[in-house]
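Letters A, B, ... mirror the listed sequences (proteins, then strands); counts begin at 1. Values below: every heavy atom of this structure, side chains too, minus hydrogens, waters and symmetry copies. Every value quoted in this text rests on a predicted model; they were computed, and no experiment measured them.
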Amino acid sequence: MQGYYHSVTLDADKCMGCTNCIKRCPTEAIRVRDGKAYIIAERCIDCGECIRVCPYHAKIAVTDPLDAIYDYKYKIALPAPTLYGQFKDLTSIDSVLHGLKLLGFDDVFEVARGADFATEFTKYQIKHTNPKRPIISSSCPAVVRLVQVRFPELISNLADVQSPMEIAAQIAKDNFSREHGVDIEEIGAFFITPCAAKATSIRNPLGTERSSVDGSISILDIYGPLSLVMNKADNSCVTTSLRKSTLKGVGWANSGGEGSSLDIDSYLSVDGIPNVIKVLEEIENGKLSDLDFFEGLACVGGCVGGPLVFENNFVAQNRLRKLISKIEDSEPIAHEEFKMALEKYDWKFNKEILPKPIMRLDDDISSAIKKMEELERIYADLPGLDCGSCGSPSCRALAEDIVRGYTTEFDCIIKLREKIRNLAREFGELSDNLPTGIDRSDTGGLKHED
Amino acid sequence: MTVESNEYIGMIHSYEIEAGNFTKAGEAASSIKRLLRQLGVDANVIRRVSIAAYEAEMNMVIHSIGGNIQIEISPKAIVFKAVDEGPGIEDVNLAMEEGFSTAKEWARELGFGAGMGLPNIKRCSDEFHIQSEVGQGTYLEAKFIL
Ligand code: SF4
Ligand code: SF4
């Protein structure tokens, strides 16, 4: 297996070791050691929380530069619907799509259209395979990874559907190759992304062996160049329309978009990772037994709140809502078209999503029990302030790090101070106890030579 | 060698449960879940234990005057115990029937008291035992084989 690639990484030069990020990480993946943060790769779910909270912008999400598209002879842009919410007074999605073509892409295929197919496929599965309830949406990869790490018992509830991004890439490449008679290997499909977790999924796919997407370009990076060409694009839109997505597909950018397009009564849409965690706990406790579908999105507001967007998430959410109410809807996916897609594609996961038991102390339960006892002994002895100065997110996490052999209790500054105080006392006692024959401090110091 | 294998390995955790305290309700079940996960217990077992623990904790918060929850973990089994100090269940057999509930109106409004608690715990566990005396309290034990 290849190493863990993550889009979210540390820019060590900028990191001040302030420990602001360590408590915000939902999987306790960050430690500060020797004055710099580092991310424990196996634990990180690429949710982007640390990017948002770092005051020095030392946490970044790595995506490809715009130039990367020239590695391919033919280039397709896969814009996330979130992109449409970035522009003020947008009246037509086509001006964004044509703008992308002016930036060098040969074709554009909307991820919102991929979402339309994902919706149809999910409905189809609900009808024909009767999946375990509540079905947990698998469209936010940060939430899927969260389930792998913190809620492994819920893996069997995950919707067995590939992401709109993957679906879009597959259809876009096939269509382009067929229409232009070119080899699929010559086509590069690039996701225009608000999302670090999806950028990670391209290199480290979830539920599939290999991603059909070839790279990702962040909305932040493309926003400037795209705004510059968009008014030029306005003229070309009149002649041809590139847009195919329905308004429901566009709505996936906002929290609730997926749930509401499924036409089921009992669904719940929750955004923001702490809120998602709360609901997953309730599901785990068996408390939401009458729920059919749970849409959990890591970012506040949904993908509009992704770590790589330009516009404030609330503003973007509102713009999208306005856009959706203003423009006309497109034709939904026709029955025939969906049937043909079903014959051609298998949008179920083709690689099992496995638990990531990174919290476990040992593979052998007897050893784990012993380690747990030691952990508790150490924890009971720590001050319990959860101050984070040691570089671990809480006293309990430090105890865990000690048991795992990563560090010692003297990372705790309170413990260290205690130790120094005890040492100082010992020093004092030792110096008081010097043999009287030598100690002449009262009469003017040591005079051995006398 | 024999000394090693005869050594007792296991741990016990217990949690105090306050009657009527809904801000804390569910915390014991969550801690138990975290503990089992760190010990590397099988996901399926964790799910069953957490449902049982959560139901028992909620029962205690809603119906009892307070008590104690305890979890005992060894490499072979997990034993979960819930002991409260009253008021006790009048007819245990009836309480074990699905849909039976004596939950008060306020608890029902919060979505509890569908009468699934005890049968649910029994369904989740490998061995189940309950004993109750009005005026004395209730003792519940659920065992999960590893
Ligand atoms: S991206 Fe999320 S999971 Fe990864 S280190 Fe940052 S806060 Fe933790
Ligand atoms: S909510 Fe959207 S942008 Fe945020 S992590 Fe999930 S998929 Fe990515």
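Within residues 38-46 of chain B, the residues having any heavy atom less than 4.5 Å from a heavy atom of chain A are, in residue-number order, B:Q38, B:L39, B:G40, B:V41, B:A43, B:I46. Taking non-hydrogen atoms and a 4.5 Å limit, the residue list of residues 135-146 of chain B in contact with chain A, ordered by number, reads B:L146.
Residues that satisfy the side chain to side chain donor-acceptor pair (under 3.5 Å) test with A:S389, not counting sequence neighbours, are absent from this structure. With sequence neighbours excluded, the residues forming a side chain to side chain donor-acceptor pair (under 3.5 Å) with A:D263 are A:K123, listed by chain and number.
Between chain B and the residues A:K371, A:R150, A:M372, the largest count of heavy-atom pairs under 4.5 Å involves A:M372. Interface remark: of the candidates B:G10, B:S30, B:A29, B:G10 forms the most heavy-atom pairs closer than 4.5 Å to chain A. Interface summary for chain B: among A:I155, A:N285, A:I358, A:L361, the most heavy-atom pairs under 4.5 angstrom belong to A:N285. The greatest number of non-hydrogen atom pairs below 4.5 Å with chain B, out of A:I369, A:D364, A:I365, is found for A:I369.
Within the 4.5 angstrom heavy-atom criterion, no atom of A:S367 approaches chain B. Only the backbone of B:S74 comes within contact range of chain A, judged by heavy atoms closer than 4.5 Å.
Without hydrogens or angle criteria, A:S392 side chain to A:S394 main chain gives no donor-acceptor distance under 3.5 Å. Remark: side-chain polar atoms of A:S269 are not paired, donor with acceptor, to backbone N or O of A:S255 under 3.5 angstrom. When atom types are taken as modelled, the side chain of A:K23 and the backbone of A:D386 share a donor-acceptor pair closer than 3.5 angstrom. Counting only distance, with no hydrogens or angles, the side chain of A:D271 and the backbone of A:L297 share no donor-acceptor pair below 3.5 Å. Remark: the backbone N or O of A:R43 is paired with a side-chain donor or acceptor of A:T27 at under 3.5 angstrom.
When the options A:D411, A:I40, A:T407, A:L398 are evaluated for a side-chain contact (heavy atoms from CB on, under 4.5 Å) with A:R31, the one that passes is A:I40.
Salt bridge A:E153/B:R37: present, at least one basic N to carboxylate O contact under 4.0 Å. Ionic pairing of A:K278 and A:E281 is not present here: no N-O contact between side-chain nitrogen and carboxylate oxygen is shorter than 4.0 angstrom. Checked for salt-bridge contact, A:K356 and A:E42 miss the test: no charged N lies under 4.0 Å from a carboxylate O.
When only modelled atom types and interatomic distance are considered, B:S50 and B:R34 share no side-chain donor-acceptor pair under 3.5 Å.
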